[in-house]
Amino acid sequence: MSSLAQGLRTLPIRSTQSAPNLVRLQNMRTKASNGTTGTTGSVVVPRNKLSLFEAMGVFGPAPERINCRLAMLMFFPMALREMETSESIVEQLLNPNYGYIAFCSLMIWASMIPILKNVKDEDFGFMSVRAEKVNGRAAMLAWAVLLALEHQAGGACFF
């Protein structure tokens with residue numbers, strides 16, 4: 001066994017507050033072949049991939065992220081179809097458009113890949129992780145309000 005592997009077995013491992021998906025090994029001691037020791041500093045090692053059960057758990061990352069994305073992506077097309085055909089959202093869900101189902105399935109699949117690989121969420125240009133969560137939660141509330149209004153009105157809300 002190499003000296004690096006022996007050193008890794010004896011190190012205390014602690015997770016960091018700033019990066020929950022990473023494990024930080026601090027002040028790792030290595031022993032060279034000539035017997036000298038040195039300090040390498042901090043080394044960041046990625047955690048293992050998530051299982052489907054961990055990702056879809058109550059406190060897992062997948063349910064909120066997927067529901068937020070689907071709520072954001074499907075609110076406008078469903079509301080537009082309601083304005084065009086006067087079908088309520090409930091009627092649209094009972095008689096689905098199979099293009100919507102295929103699109104939602106693709107979005108679920110595309111969202112699960114980085115979640116299962118345990119990729120860290122990062123901001124991308126003007127799109128931030130925080131904005132995605134806030135907008136997704138607002139879209140889920142919009143769905144709830146729209147369904148409540150349709151239930152109260154007894155039919156489609158948009159005329």
Side-chain angles (χ1 to χ4, degrees), residues 5 8-9 11-26 28 40-159:
L8 285 176
R9 285 189 313 153
L11 287 175
I13 298 175
R14 64 183 185 128
S15 64
T16 61
Q17 293 283 342
S18 62
N21 292 337
L22 299 176
V23 176
R24 185 173 299 275
L25 303 175
Q26 294 188 341
M28 184 171 61
T40 61
S42 296
V43 177
V44 178
V45 180
R47 278 185 45 197
N48 294 335
K49 296 177 183 178
L50 290 175
S51 70
L52 184 62
F53 183 74
E54 291 171 333
M56 293 300 291
V58 175
F59 297 107
E64 182 182 19
R65 188 174 309 156
I66 291 172
N67 288 335
C68 285
R69 287 179 181 172
L70 291 178
M72 287 186 289
L73 292 171
M74 294 309 296
F75 183 80
F76 182 71
M78 297 285 276
L80 185 64
R81 184 172 169 198
E82 182 177 310
M83 286 188 276
E84 291 173 351
T85 63
S86 297
E87 289 181 340
S88 69
I89 297 295
V90 175
E91 291 171 350
Q92 291 181 48
L93 293 174
L94 293 175
N95 302 315
N97 179 341
Y98 293 105
Y100 290 166
I101 293 174
F103 179 72
C104 289
S105 300
L106 180 67
M107 290 307 301
I108 291 169
W109 178 73
S111 296
M112 285 300 290
I113 292 172
I115 291 171
L116 292 177
K117 289 186 177 183
N118 208 8
V119 175
K120 183 182 174 207
D121 293 335
E122 294 181 358
D123 296 341
F124 182 74
F126 65 90
M127 296 179 283
S128 69
V129 176
R130 183 175 180 274
E132 181 184 20
K133 283 185 180 181
V134 169
N135 292 337
R137 290 172 181 167
M140 287 191 285
L141 286 174
W143 274 99
V145 168
L146 181 61
L147 290 172
L149 288 173
E150 285 186 354
H151 177 71
Q152 183 70 25
C157 277
F158 299 115
F159 304 121

| said: For Met72 and Met140: C-alpha separation, side-chain torsions, deciding distance, then whether side-chain contact (heavy atoms from CB on, under 4.5 Å) applies. | reply: CA-CA 8 Å; Met72 287 186 289; Met140 287 191 285; over 6 Å; no
| field | Pairs involving residues 88-109, ordered by first then second residue, that meet side-chain hydrogen bond (donor to acceptor under 3.5 Å, both in side chains) (sequence neighbours left out) | value |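 For residues 88-109: none.
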| request: Keeping to residues at least two apart or across chains, list the side-chain hydrogen bond (donor to acceptor under 3.5 Å, both in side chains) pairs with something in residues 124-145. | output: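 Counting only pairs at least two positions apart or across chains, the side-chain hydrogen bond (donor to acceptor under 3.5 Å, both in side chains) contacts touching residues 124-145 are Glu64-Arg137, Arg69-Glu132.
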| request: Output, in order, the C-alpha distance, side-chain angles, deciding distance and verdict of side-chain contact (heavy atoms from CB on, under 4.5 Å) for Phe75 and Leu146. | output: CA-CA 10 Å; Phe75 183 80; Leu146 181 61; 3.8 Å; yes
| field | Interatomic distance, Leu50 atom CG to Leu116 atom CG [nearest 0.5 angstrom] | value | 7.0 Å
| Between CG of Leu106 and CD1 of Ile101, what distance do you get to the nearest 0.5 Å? | 14.0 Å
| field | Test item: Glu54 side-chain N/O and Ser51 main-chain N/O as donor-acceptor pair under 3.5 Å | value | yes
| request: Decide yes or no for Leu73 and Met107: does some side-chain heavy atom of the first lie under 4.5 Å from some side-chain heavy atom of the second? | output: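 A side-chain contact exists here, since the closest heavy-atom pair is under 4.5 Å.
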| request: Would you mind reporting whether Met78 and Ile89 have side-chain heavy atoms less than 4.5 Å apart? | output: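 SC-SC contact between Ile89 and Met78 confirmed.
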| task | Identify the heavy atoms of Ser86 and Ala156 that sit nearest to each other, and give their distance. | result |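 What the structure gives for the nearest pair is O-CB, 3.7 Å.
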| request: Write down the atom of Gly57, the atom of Pro63, and the distance for their closest heavy-atom approach. | output: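 Closest pair (atom of Gly57, atom of Pro63, distance): O-CG, 3.6 Å.
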| query | Can you list the steps and then say if Asp121 with Arg65 is a side-chain contact (heavy atoms from CB on, under 4.5 Å)? | reply | CA-CA 11 Å; Asp121 293 335; Arg65 188 174 309 156; 2.7 Å; yes
| What pairs with Ala62 under side chain to side chain contact (heavy atoms under 4.5 Å, CB included), at least two apart in sequence or on another chain? |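 In terms of side chain to side chain contact (heavy atoms under 4.5 Å, CB included), with neighbours along the sequence ignored, Ala62 is linked to Ala55, Met56, Ile66, Met112, Ile115.
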